[in-house]
Structure formats: structure tokens, C-alpha cells
Participant: 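Take this structure first; my questions come after.
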Amino acid sequence: MADPKGFMTTPREEWPRRPVEERVRDWDEVYVPGALLPIISKQADRCMDCGVPFCHDACPLGNLIPEWNDLVSREDWRAASDRLHATNNFPEFTGRLCPAPCEAGCVLAINQPAVTIKNVECAIGDRAWEEGFVPPRPPDRLSGRTVAVIGSGPTGLAAAQQLTRAGHTVAVYEKDDRLGGLMRYGIPEFKMEKRHLERRLAQMRAEGTKFRTATAVGRDIGAAELRSRYDAVVIATGATAWRELPVPGRELTGIHQAMEYLPLANRVCEGDLDVSPMSAVGKHVVIVGGGDTGADCLGTAVREGAASVSQLDIYAQPGTERDDDSEPWPTYPKIYRLSAAHEEARDLETAPAADADARLFAASTLRFTGDRSGQVRSLHLVEVDAARQPVPGTGRTLPADFVLLALGFSGPDREDGLIDQLGLALEPRGTITRDRDFATNVPGVFAAGDAARGQSLIVWAIAEGRAVAAAVDRYLTGSSRLPAPISPYDRPMTV
């Protein structure tokens, strides 16, 4: 504990964002460059080095948070990097993309603003790259065993890196033309610039991991054929089967899934396209869905120059403070949070009729109507109560010539044929069945990440990748020294 009084004398201070008017004119990350390091040592001082650090349990990776907070406070960045990388392969990803359940579990958060754990993590990750603390770590010797990892999202990459470092020969198969999964084409550039991803991929290539892009297993190569080539296979394809909105008018032109829209915007940033063929410029946009994907669509539409943007959330507007009865500490509470995209929408008044920023809470879509050409022109909604039942007399109509559905995902997509060709057993909700060792019903085939767990957070994805790597290592060699931070049956803390 570097400063025993730090939590009493130093207020919480977060990485400042660039002015809204400036950042919506580009696709760069929303934070002020270079503004994090000057504040982070004092913020690390606020950590109380608790006897029972609940931040450990709140984070599925088991990050050693008090240890690297103390090291950052002393500005021992190399040691801090070592402690952080001992549990997390990609802290510069999680430091930008994770909603920080660790901060909800911070003991200080019982009655004060939590330690800025996420910002400290990001600072360590960035500093480690700047100072050269994360060189490639190729194995000393090869095991002679081979592993195919299907999917290059955070789960697949974490599993591949762990197995490569354990000495196995690993090839990652990705159906898209570039690596990264949702981090590449689902996460907007303003949330995480893709240079961070490219840097890690270069590290993994130098360690010996092989990558096969533009290869859909089940279509471009038979799943059974792939299984016969390798000693083990890890399925980490994610949960990409999006949920639908079965209401009248869904067939109208101009209604799209979020994951049809976001990849095109990312391809513009990659230089593949000059303008997205699904651009929101000049359009009245309504986003159906109140989660992070909806917020990503919101920030993207604002940058593309939409005439207006509204976001519908079926849940009631949460309060600004934790409800100690229904969501006691250290669970992750549902409170009103203002993301960068929502801050932009609020300041730019993209949806004047919204309840808060661009969001309409407790709102359910009844139907869409369009013009004679079949183009959507309006969205009809109604307020709902806590049981999601319509409240009489609350119907409203919003102008909408561009609608985005951000309703989440139900499980892995079966279109490529991977699941059916291997004969994988599925859970009733559509995810892949596995046992306590992450093994599917097909010998030598393992499943991890959202494809088996269901839609979750990036920290759970990386934890799954690390844990399945340990399971595969045991399967191939009889034992493993790789860490396994979670089991397939672990879940976030709830009441």
C-alpha cells in the first residue's frame, strides 16, 4: 500500500475525453492523448490493498489488481507489466473495452468512487509497449502436437497465444479477411484503434502462431477434414447469430442488423471503402437495443453525419446510485452510465425527444411503416412497465428512414456448417455443449468463449481462452502448467 491515506486525500480522476465537437469529426480514440500517465500514479495510490480484495473475484481473469496498483504508484512499470501480463494476455484491449466489473467490486466503492482500475490497467499496457516490456515469447522447444483454433476474437487469440507459448504448433482460422473478430469489425475505431490489435498480432506471429484468414471452416475447408489434420481443435467462433425483431414492417428497406452496419464503417477506417454503402449520413436513425452494440451504432451514426439519432431501451431508466437491496456490493450494478457516444448525442442533441442523451427508456417497438416504394419512414413504439407490458395511451411515432437492430446474439452462427459437420451437441439456447474440461461431445474438439458461454464481456472471453488452453494442454500432454482462471460453469457475481 504505497499511500495509506491516498483513498482519503485523492479524489477519483478519470482519463479525460477530447471535446465532443472535436472528436466527432474523426475516428480517433475519444480520449485526450497523453493525458492518462500524468494522473495515474496518484490514482493508483487510492488502492487500499485490501485484506480480501473483491476486485480479484469481480474480474474473471483474477487480475492481481492491488499488486500492480502498488507498483504503478512506485512507478515500477516493468514489474507492474509483469504482474498484469501474468493474468491477462491483452490488457490494452480490456483497458479500453471492458466495462470494469472489477471497479464495481472495489472495496472503496462501498461508500466512495472506486479506484480507476481500468485506467491503470490501460496505462500499464500502453507503457509496456512503449518501453519494450512485452517482447515475443516463443517456446524453448516444440511439443510436436498441433492445434487448430477457429476464430480470432479475444478468446481464440488468448487460447492460441497460451498454447503456442506452451510449445504446441497452433494455426488460427478466421473467416474474415482480417484478424480480430468483433474487435476488428464490430468495435468502432473511436473505442479502440486497430493499431493496438495489429501490435499484438505481430507479437503472436513472432512467437510462432500461424494465421489463416478468409477461411470459413465448414465452407472453405470441411470441418471433419480440419479435425483430421490436427491433434486438437478449439472452437472460438463467438456468438454471431443475431436476434431478430419480429414485428410488422420488418421487411421494409432501410432496416438492418447492427452487425451489418458496423463492419462497413470499420472497413472505411481500414481504407477498403471511401464511403460506407450503408452510411447514416443525412438520415433519421433509430437504434433498437440499449446495450453496448447500440451505443457503438450511435457513435458511428453521429460521426457519419446522421440528421438525428435515437436509441430505444426496453428497460426503465436506471438510477445513478447502486440499489443496495437488489444489487448489493460487490455485484455489477445496473446504473445510469454515460458512454462517450451518449455524451456526444447529449451535447449535440441528436434526439431532442429522448428521455436522456439519445435514449428512450422503457420503450418497445410495435411496428414499422414505410412509403409506397417500401422504404421505412417511421417507427411506432409504446412505453412498457416493469413486466414489459404496454402502458395504455403511451404510443408514439418516431421518424425513421434508417433503423438498426442491436438486440444481442443468441449463439454461434450455423450457416457455415461447422457445427453440423462435426455433429456438435447444442444447449437449448443454441450454444455449444461442453463438459467441465471445455470438451465437446466430439473427441479432441473443445469450445470456448461466446460460442459456448453465450454473449459476454471481453474479460470473460480472454479468461475462457486461457482456461481452454490449459484444458487442451492437459489433453495433449497429460498435465499442464498453464493457468485456468475459470471453469465453464463460472458466472459473474449476482444476488
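This chain uses plain numbering: 1 for the first residue, then up along the sequence.
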Participant: Cation-pi between R337 and Y332: NZ/CZ under 6.0 Å from ring centre and within 45° of the ring axis?
Facilitator: yes
Participant: I'd like to check the side chain to side chain donor-acceptor pair (under 3.5 Å) partners of S339; sequence neighbours left out, ordered by chain and number.
Facilitator: H342
Participant: Shortest non-hydrogen contact from N266 to G186?
Facilitator: ND2-N, 3.8 Å
Participant: Please tell me if the side chains of E13 and T116 come closer than 4.5 Å, counting only heavy atoms from C-beta onward.
Facilitator: no
Participant: Would you call R165 and E207 a salt bridge, taking side-chain N to carboxylate O under 4.0 Å as the test?
Facilitator: yes
Participant: With a 4.5 Å limit on heavy-atom distance, are the side chains of W68 and N63 in contact?
Facilitator: yes
Participant: Hey, does Q43 have a side-chain heavy atom less than 4.5 Å from the side chain of V72?
Facilitator: no
Participant: Is the backbone N or O of K334 less than 3.5 Å from a side-chain atom of E327, with the two atoms forming a donor-acceptor pair by type?
Facilitator: yes
Participant: For residues V472 and A232, report the shortest heavy-atom separation together with the two atoms involved.
Facilitator: CG1-CB, 3.9 Å
Participant: Roughly how far, to the nearest 0.5 Å, is CZ of R466 from CD of Q162?
Facilitator: 4.5 Å
Participant: Using every non-hydrogen atom in the two residues, find where A171 and Y230 come nearest and quote the distance to one decimal.
Facilitator: CB-OH, 3.6 Å
Participant: Do side-chain atoms of R46 reach the backbone of T10 as a donor and acceptor pair under 3.5 angstrom?
Facilitator: yes
Participant: Do you know the tightest heavy-atom contact between A451 and P412?
Facilitator: O-CD, 3.5 Å
Participant: Looking at side-chain heavy atoms only, is the closest gap between M493 and P330 below 4.5 Å?
Facilitator: yes
Participant: Can you tell me how far the CG atom of L142 sits from the OG1 atom of T164, to the nearest 0.5 Å?
Facilitator: 9.5 Å
Participant: Would you say Y315 has more than 12 foreign heavy atoms packed within less than 6.0 Å of its OH?
Facilitator: no
Participant: Should D272 and R178 count as an ion pair when the cut-off is N to O under 4.0 Å?
Facilitator: yes
Participant: Please determine whether a side-chain nitrogen of the Lys or Arg among D357 and R359 lies less than 4.0 Å from a carboxylate oxygen of the Asp or Glu.
Facilitator: yes
Participant: Could you tell me whether the side chain of R18 reaches within less than 4.5 Å of the side chain of D28, counting heavy atoms only?
Facilitator: yes
Participant: Quick one, D177 with T213, criterion side chain to side chain contact (heavy atoms under 4.5 Å, CB included). Give me CA distance, side-chain angles, the key distance, then yes/no.
Facilitator: CA-CA 5 Å; D177 58 338; T213 56; 5.7 Å; no
Participant: CD1/I458 to CE/M192 distance, rounded to the nearest 0.5 angstrom?
Facilitator: 6.5 Å
Participant: Strictly below 4.0 Å, N to O, side chains only: are R96 and D126 in salt-bridge contact?
Facilitator: yes
Participant: Taking all non-hydrogen atoms of both residues into account, name the closest pair between T155 and A461 and its distance.
Facilitator: OG1-O, 2.8 Å
Participant: Any chance you could lay out the side chain to side chain contact (heavy atoms under 4.5 Å, CB included) test for E121 and N88, step after step, and finish with the verdict?
Facilitator: CA-CA 10 Å; E121 178 181 51; N88 187 349; 3.2 Å; yes
Participant: Does this structure show an ion pair linking K118 with E14, if we count only N-O contacts that are shorter than 4.0 Å?
Facilitator: no
Participant: For A280, is there any backbone N or O sitting under 3.5 Å from a side-chain donor or acceptor partner on Y261?
Facilitator: no
Participant: Counting only N and O atoms by type, is there a donor-acceptor contact under 3.5 Å from the side chain of S152 to the main-chain atoms of G180?
Facilitator: yes
Participant: Could R78 and D82 be called an ion pair, given the rule that one side-chain N must be under 4.0 Å from one carboxylate O?
Facilitator: no
Participant: Which heavy atom of A239 sits nearest to which heavy atom of D450, and what is that distance?
Facilitator: N-CB, 3.4 Å
Participant: Look only at the side chain of S279 and the backbone of S276, and say whether a donor-acceptor pair between them is shorter than 3.5 Å.
Facilitator: no
Participant: Counting only N and O atoms by type, is there a donor-acceptor contact under 3.5 Å from the side chain of E103 to the main-chain atoms of A114?
Facilitator: no
Participant: In the structure I gave you, are the side-chain heavy atoms of N89 and L157 within less than 4.5 Å of one another anywhere?
Facilitator: no
Participant: Strictly below 4.0 Å, N to O, side chains only: are R83 and D70 in salt-bridge contact?
Facilitator: no
Participant: So, is the end of the R436 side chain (NZ or CZ) under 6.0 Å from the ring centre of Y489 and within 45° of the ring's axis?
Facilitator: no
Participant: Hey, does the side chain of W27 reach the backbone of T300 with a donor-acceptor pair shorter than 3.5 angstrom?
Facilitator: no
Participant: Counting only heavy atoms not in D324, do more than 12 sit closer than 6.0 Å to its CG atom?
Facilitator: yes
Participant: Counting heavy atoms not belonging to K194, are there more than 12 under 6.0 Å from its NZ?
Facilitator: yes
Participant: Atom NE2 of H168 and atom CG of L476: how far apart are they, to the nearest 0.5 Å?
Facilitator: 5.0 Å
Participant: For the residue pair P66 and C55, establish whether any side-chain heavy-atom pair is separated by less than 4.5 Å.
Facilitator: yes
Participant: Output yes when R303 and E189 qualify as a salt bridge under the 4.0 Å nitrogen-oxygen rule, no when they do not.
Facilitator: no
Participant: Which distance, rounded to the nearest 0.5 Å, do you find between the CZ of F7 and the SG of C47?
Facilitator: 10.5 Å
Participant: Do the side chain of Q311 and the main chain of I287 share a donor and acceptor less than 3.5 angstrom apart?
Facilitator: no
Participant: Could you tell me whether Q317 atom CD has more than 12 heavy atoms of other residues or ligands within 6.0 Å of it?
Facilitator: yes
Participant: Using a strict threshold of under 4.0 Å (side-chain N to carboxylate O), is an ion pair present between E427 and R429?
Facilitator: no
Participant: Count the heavy atoms belonging to other residues, nucleotides or ligands that lie under 6.0 Å from CZ of R137, then report whether that count exceeds 12.
Facilitator: no
Participant: Is there a donor-acceptor pair under 3.5 Å between the side chain of S81 and the backbone N or O of A79?
Facilitator: no
Participant: Mark yes or no for whether E260, through its side chain, and Q257, through its backbone, hold a donor-acceptor pair below 3.5 Å.
Facilitator: yes
Participant: If the plane angle is over 60° it's perpendicular, under 30° parallel, otherwise tilted; pick one for W15 and Y31.
Facilitator: parallel
Participant: Please evaluate residues I486 and W460 with respect to the criterion side chain to side chain contact (heavy atoms under 4.5 Å, CB included), reporting the C-alpha separation (whole Å), side-chain torsions for both, the decisive distance (0.1 Å), and the verdict.
Facilitator: CA-CA 9 Å; I486 60 172; W460 282 93; 3.9 Å; yes
Participant: With distance as the sole criterion, is a donor-acceptor pair present between the side chains of E131 and W77 under 3.5 Å?
Facilitator: no
Participant: Quick check: do R434 and R453 have side-chain heavy atoms less than 4.5 Å from each other?
Facilitator: yes
Participant: What pairs of residues pass the ring pair (Phe, Tyr, Trp, His ring centres under 6.0 Å) test when at least one of them lies in residues 88-114, not counting sequence neighbours?
Facilitator: F90-F93
Participant: Would you sort out whether D176 and R184 count as a salt bridge (charged side-chain N to carboxylate O under 4.0 Å, His left out), showing the intermediate values?
Facilitator: CA-CA 10 Å; D176 286 326; R184 172 72 68 180; over 6 Å; no
Participant: Step by step, would you call V107 with W329 a side chain to side chain contact (heavy atoms under 4.5 Å, CB included)?
Facilitator: CA-CA 8 Å; V107 175; W329 176 88; 3.8 Å; yes
Participant: Rounded to the nearest 0.5 Å, what separation is found between the CZ atom of R127 and the CD1 atom of I40?
Facilitator: 12.0 Å
